[in-house]
Number of protein chains: 2
Amino acid sequence: MTETRVPIPTLERLAIYLRVLLDAHEAGIQTLSSQEIEQHSGISAAQFRKDLSYFGEFGKPGVGYSVPGLIQCIERILRLDEEQPILLVGAGNIGSALVGYPNFQAHRLRIAAVFDNNFVKIGRPFGDLVIQDIARIKEVNAEIGARLGIIAVPAHAAQEVADLLVEAGVTGILNFAPTILRVPKHVHVRNVSFLQELAVLSYHATEDALCVNGQATRGGKDGV
Amino acid sequence: MTETRVPIPTLERLAIYLRVLLDAHEAGIQTLSSQEIEQHSGISAAQFRKDLSYFGEFGKPGVGYSVPGLIQCIERILRLDEEQPILLVGAGNIGSALVGYPNFQAHRLRIAAVFDNNFVKIGRPFGDLVIQDIARIKEVNAEIGARLGIIAVPAHAAQEVADLLVEAGVTGILNFAPTILRVPKHVHVRNVSFLQELAVLSYHATEDALCVNGQATRGGKDGV
DNA sequence: GCGAGATTGTGAACGGTTTCACAAATCACG
DNA sequence: CGTGATTTGTGAAACCGTTCACAATCTCGC
Ligand SMILES: NC(=O)c1ccc[n+]([C@@H]2O[C@H](COP(=O)([O-])OP(=O)(O)OC[C@H]3O[C@@H](n4cnc5c(N)ncnc54)[C@H](O)[C@@H]3O)[C@@H](O)[C@H]2O)c1
Ligand SMILES: NC(=O)c1ccc[n+]([C@@H]2O[C@H](COP(=O)([O-])OP(=O)(O)OC[C@H]3O[C@@H](n4cnc5c(N)ncnc54)[C@H](O)[C@@H]3O)[C@@H](O)[C@H]2O)c1
């Protein structure tokens, strides 16, 4: 366990392990081996052990891992051991699905405030919250102190909103808009793109890797 | 351009290039160099060229790439050159956001039918569609012939729905439920997990890689 | 037509992640 | 207490994707 940087895929899998562990805990299971984790997560036992090794030693040889113990450890690693407030910007379709999503709570993620710039929407209730003016976001987050933000506004407004989030003190942004965001180095962005996912599936769904060559290069005069 | 398998990251980026190209096309730009693509996509010029090289040669040395030409090529590669019908299962929050999403159209992705098992919902309008009984999914898809499906039902029902989708002839599944799905080898699954994304951000948002060791292993008698 | 300048396509080097394989640790049980 | 069965943690190897660097290709202007 040297002081290496943790691979992002490892962090992503940590969240999966956590889900498996929470399920097992619910089912009253006390101990799980890496082998059993593999069964439930689809991630290889060796991968699981290697992933954990970035953070320390959590299992007992010959036995496995204490379910409640490991839950606590992974939660601490991911900073999900205490409530994590989140700023949501964009009270539209996606925002609507998010505010009502109960599973966030299990991970102590809480949407603490919702913002929009539509005067018709501002002041309206939205889930348990009231939609606030995006102009007040910095002021409001001075109270809340959220480090995470979600962008659920149209693409043309996303960069502007990102800037406001950063200015309000956010250092992690989940972006639903189909744009690449320019942010300072200390801010992390993760993009969610259903279109991208569907495009990959679309490619695979038709299983013949036809080569599409000879069309563009020899397109003649129309191109360039 | 040997007969190598295309890396998944390459396919994901293809969708990003396509977006950039469509934007450029809209702006009336006729030609783009890999250098310029890098500007707009945040993906390195070398990466872009390497990605395309899996499929053929699409650019002209000294000039760049024909925007409309490359759009056509990438669309063909991703099978987005003709309309791609999709089956949506689960007429809830997520499903609701999806049916109303206009950007799908630009990629010729069309949600062709919506299914649910809630008798109260079946028969109701949902976007432009009418919610249908999940029991009829195979029958309905015999007409539609969709190869793509979206699962937007609670986790406990996801596997069951996946089985139905596969039986109905779907070979690509976009899964919003937090579960790993067991599917035949010829079926591709991509999971969308907001929680996972937020967990990764949560880790990075607090920038001190404290080591959480010595808690689980020496937990004493409580564990195992 | 030709030389200067620009840009592509790609083999090779590189770097990072996953897989492998095994020594060390723990437990069960006689 | 010792033996055998089990499972962890981790260095090393294998694998895969990204970056590099440059020959080949094309355009433009003279
Ligand atoms: N709906 C989907 O299924 C879906 C799928 C994939 C991606 N997306 C993306 O997610 C984003 C949101 O989608 P949606 O369907 O919820 O859109 P929406 O139009 O339903 O909601 C967008 C909201 O953002 C608000 N807004 C606009 N500009 C703003 C600004 N400058 N500051 C604050 N608020 C502002 C609008 O008032 C509106 O309430 C879009 O970028 C969309 O492309 C949506
Ligand atoms: N809402 C969110 O923000 C969010 C975020 C991340 C993940 N998810 C996941 O996405 C999925 C859908 O979430 P949601 O908020 O839309 O849920 P929802 O409860 O609003 O909708 C689920 C729908 O599925 C239907 N359904 C249930 N069992 C079914 C079955 N066997 N066959 C057909 N339909 C069935 C229900 O009748 C309901 O209409 C869930 O797995 C959820 O965990 C949701």
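Below, all heavy atoms of this structure are taken into account, side chains as well, without hydrogens, waters or symmetry copies.
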Q: Only counting residues at least two apart or in another chain, list the ones meeting side chain to side chain donor-acceptor pair (under 3.5 Å) with B:Asn141.
A: none
Q: With sequence neighbours excluded, tell me which residues meet salt bridge (charged side-chain N to carboxylate O under 4.0 Å, His left out) with A:Arg110.
A: A:Glu83
Q: Measure the distance from NZ on A:Lys60 to P on D:dT8 and round it to the nearest whole Å.
A: 13 Å
**Q.** B:Pro61, nearest nucleotide to its side chain (from D:dT10, D:dT25, D:dT7)
**A.** D:dT25
(Q) Quick check on C:dG9: is either OP1 or OP2 less than 4.0 Å from any side-chain nitrogen or oxygen of B:Tyr65? (A) yes
Q) Once you round it to whole Å, what is the distance between C1' of C:dA23 and CZ of A:Arg49? A) 13 Å
**Q.** By salt bridge (charged side-chain N to carboxylate O under 4.0 Å, His left out) - contacts of B:Glu36 (at least two apart)
**A.** none
Q. So, is A:Ser34 near the phosphate of D:dT8, with a side-chain N or O under 4.0 Å from OP1 or OP2?
A. yes
Q) In whole angstrom, what separates A:Ile8's CD1 from C:dT18's P? A) 12 Å
Q.
Let's see if you can work this out: which of D:dT25, C:dT17, C:dT26 has an atom nearest to the side-chain heavy atoms of A:Pro7?
A. C:dT17
Q. So does B:Tyr54 get a side-chain nitrogen or oxygen closer than 4.0 Å to the phosphate oxygens (OP1/OP2) of D:dC16?
A. no
Q: Take atom CZ of A:Phe55 and atom C1' of D:dT10, then tell me their distance rounded to the nearest Å.
A: 16 Å
Q: Find the distance A:Leu32:CG to D:dT6:P and express it as a whole number of Å.
A: 17 Å
Q.
Using the ring-ring contact (aromatic ring centres under 6.0 Å, His included) criterion, which residues pair with B:Phe115? Sequence neighbours excluded.
A. none
Q: Would you indicate which nucleotide in C:dC27, D:dG11, C:dT7 comes nearest to any side-chain atom of A:Lys50?
A: D:dG11
Q: Go through the steps for A:Arg190 and A:Glu12 under the test salt bridge (charged side-chain N to carboxylate O under 4.0 Å, His left out), then give the verdict.
A: CA-CA 12 Å; A:Arg190 291 184 69 83; A:Glu12 294 177 352; 2.5 Å; yes
Q | Separation of atom CG in B:Leu52 from atom C1' in D:dG17, rounded to whole Å | A | 16 Å
Q | Closest nucleotide among C:dT19, C:dA12, D:dT8 to the A:Gln47 side chain | A | C:dT19
Q.
Expressed as a whole number of angstroms, how long is the span from B:Phe58:CZ to C:dT7:P?
A. 20 Å
Q: Take B:Leu98 and B:Phe104 through the test side chain to side chain contact (heavy atoms under 4.5 Å, CB included) and record every step on the way to the result.
A: CA-CA 9 Å; B:Leu98 291 173; B:Phe104 282 143; 3.8 Å; yes
Q. Where along residues 35-43 of chain A does a heavy atom fall under 4.0 Å from DNA chain C?
A. none
Q: Taking only the side-chain heavy atoms of A:Ser33 (C-beta and beyond), determine which of D:dC26, D:dT8, C:dT17 contains the nearest atom.
A: D:dT8
What side-chain donor-acceptor pairs closer than 3.5 Å can you find for residues 160-169 of chain B, not counting sequence neighbours?
from: B:Asp163; atom 1: OD1; to: B:Gln159; atom 2: NE2; distance (Å): 2.9

Q. Would you say a side-chain N or O of B:Arg5 is under 4.0 Å from OP1 or OP2 of D:dG17?
A. no
(Q) Could you check whether A:Tyr65 and A:Tyr17 have their ring centres less than 6.0 Å apart? (A) no
Q.
Please compare B:Ala45 and A:Ser44 by the position of their nearest nucleotide in DNA chain C and report the one closer to 5'.
A. B:Ala45
Q: Let me know the distance between CG of B:Leu11 and P of D:dT18, rounded to the nearest Å.
A: 11 Å
